[in-house]
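All values derive from a computational prediction rather than experimental measurement. Residue numbering restarts at 1 for every chain, and letters A, B, ... go by the order of the sequence lines.
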Amino acid sequence: RKEVEQDPGPFNVPEGATVAFNCTYSNSASQSFFWYRQDCRKEPKLLMSVYSSGNEDGRFTAQLNRASQYISLLIRDSKLSDSATYLCAVRAYSSASKIIFGSGTRLSIRP
Amino acid sequence: DTGVSQDPRHKITKRGQNVTFRCDPISEHNRLYWYRQTLGQGPEFLTYFQNEAQLEKSRLLSDRFSAERPKGSFSTLEIQRTEQGDSAMYLCAEGAGGPQETQYFGPGTRLLVL
């Protein structure tokens with residue numbers, strides 16, 4: 001079983017729709033959680049860190065469920081420019097620095 | 001934008017050749033990471049440095065791979081006797097350290113081994 005798992009998608013949704021992704025992690029000792037966005041043939045860019053209380057940044061909301069060991073990303077009022085691959089990332093307690101990435105979820109927004 | 005730069009951006013080489021990649025973080029962050037990413041996968045951790053000390057290496061980092069950060073600033077990743085399976089994007093990232101550290105990636109070096 002992979003340490004961090006994501007539905008690869010693709011999710012194909014119309015502009016303006018709300019879309020949500022989940023990501024599960026296997027190490028219950030994981031401490032830090034992140035969502036990255038990656039455009040085709042580009043490097044991953046940090047979208048947001050995920051805090052225990054949940055956090056929101058404009059149209060993006062991230063939540064953490066420690067009991068069920070998953071994090072989620074909600075995108076409201078999706079734009080064409082949101083089309084990308086969204087990578088979930090987790091840092092385990094056993095390694096203060098190594099981040100484990102999921103394989104990513106592809107999102108395509110159609111006009 | 002972190003300003004992490006990587007050189008070269010693309011590299012095509014023949015199997016068996018050695019290649020070296022360079023990463024230059026601009027900021028004062030003391031941690032530098034190398035990851036490898038293949039198509040359809042997320043980045044996989046290879047190794048990281050705190051200043052000039054290499055503190056962790058992944059099992060993915062075979063003895064053909066070596067990384068250095070001699071002065072605690074730029075870093076190099078060398079692959080000896082390249083194999084076709086080494087074809088991937090090699091990403092460098094910088095981080096400030098701490099339990100909530102976030103990592104910021106450079107543009108990557110895309111390697112193709114023929």
Side-chain angles (χ1 to χ4, degrees), chain A residues 2-10 21 23-27 29-53 55 57 62 64 71 73 84-107, chain B residues 1-6 9-10 21 23 25 27 29-51 53-61 69 88-112:
Chain A
K2 288 186 176 180
E3 289 188 64
V4 179
E5 292 202 74
Q6 296 183 251
D7 182 341
F21 313 131
C23 164
T24 58
Y25 59 95
S26 60
N27 187 342
S30 297
Q31 294 294 305
S32 307
F33 308 89
F34 310 91
W35 282 104
Y36 281 77
R37 171 200 167 119
Q38 186 170 29
D39 294 297
C40 188
R41 302 183 72 82
K42 299 286 189 180
E43 74 273 21
K45 290 187 184 292
L46 181 68
L47 183 63
M48 56 202 306
S49 300
V50 186
Y51 303 118
S52 296
S53 55
N55 46 305
D57 183 2
L64 167 64
I71 65 173
L73 178 68
T85 295
Y86 290 84
L87 296 162
C88 165
V90 174
R91 176 181 289 120
Y93 180 76
S94 62
S95 169
S97 298
K98 181 172 64 178
I99 285 182
I100 308 296
F101 285 85
S103 297
T105 297
R106 283 182 55 200
L107 173 66
Chain B
D1 193 358
T2 67
V4 178
S5 61
Q6 292 187 244
R9 296 289 304 277
H10 301 89
F21 310 141
C23 171
S27 73
H29 292 159
N30 60 9
R31 288 189 175 166
L32 186 149
Y33 303 83
W34 286 99
Y35 290 84
R36 180 174 70 185
Q37 186 175 24
T38 53
L39 195 63
Q41 301 298 315
E44 296 173 293
F45 171 80
L46 292 178
T47 188
Y48 93 92
F49 293 83
Q50 180 154 321
N51 299 315
Q54 187 173 17
L55 296 187
E56 187 173 349
K57 293 196 293 186
S58 163
R59 285 171 291 179
L60 292 174
L61 214 65
R69 195 184 184 196
M89 171 86 95
Y90 290 83
L91 292 157
C92 173
E94 61 176 2
Q100 295 298 324
E101 177 195 69
T102 51
Q103 295 180 13
Y104 299 93
F105 286 86
T109 294
R110 190 171 296 277
L111 172 67
L112 177 61

Most contacts with chain B, counted as non-hydrogen pairs under 4.5 angstrom, among A/Ser49, A/Gly104, A/Cys88, A/Pro44 = A/Pro44
message = Give me the atom names and distance for the closest heavy-atom approach of A/Phe34 to B/Thr102.
response = CE2-CG2, 3.4 Å
remark   = Residue from B/Ser58, B/Gly108, B/Pro107 scoring the most non-hydrogen pairs under 4.5 Å with chain A is B/Pro107
request  = Give a yes or no on this: more than 12 heavy atoms of other residues, nucleotides or ligands lie within 6.0 Å of atom CZ of A/Arg37.
outcome  = yes
query = Under a 4.5 Å heavy-atom cut-off, does chain B meet the side chain of A/Tyr36, its backbone, both or neither?
reply = side chain
Where A/Leu46 and B/Tyr104 come nearest, the two heavy atoms and their spacing = CD2-OH, 3.8 Å
task = Of all the heavy-atom pairs spanning B/Gly42 and A/Leu87, show the shortest one and how long it is.
result = CA-CD2, 4.0 Å
request  = Please flag which part of A/Arg106 lies under 4.5 Å from any non-hydrogen atom of chain B: side chain, backbone, both or neither.
outcome  = neither
inquiry  = What I want to check is whether the side chains of A/Gln38 and B/Gln37 have a donor and an acceptor closer together than 3.5 Å.
reply    = yes
message = I'd like to check B/Tyr35 versus A/Glu43 (side-chain heavy atoms, cut-off strictly below 4.5 Å). Are they in contact?
response = no
query = Is there a side-chain contact between B/Glu101 and A/Arg91 (heavy atoms, below 4.5 Å)?
reply = yes
inquiry  = Using a 4.5 angstrom heavy-atom cutoff, name the option from B/Pro43, B/Gly95, B/Gly40, B/Ala93 with the most pairs to chain A.
reply    = B/Pro43
ask   = Of all residues at least two apart in sequence or in a different chain, which pass the side-chain hydrogen bond (donor to acceptor under 3.5 Å, both in side chains) check with B/Thr47?
value = B/Gln54
ask   = Who are the side-chain contact (heavy atoms from CB on, under 4.5 Å) partners of A/Ser53, not counting sequence neighbours?
value = A/Tyr51
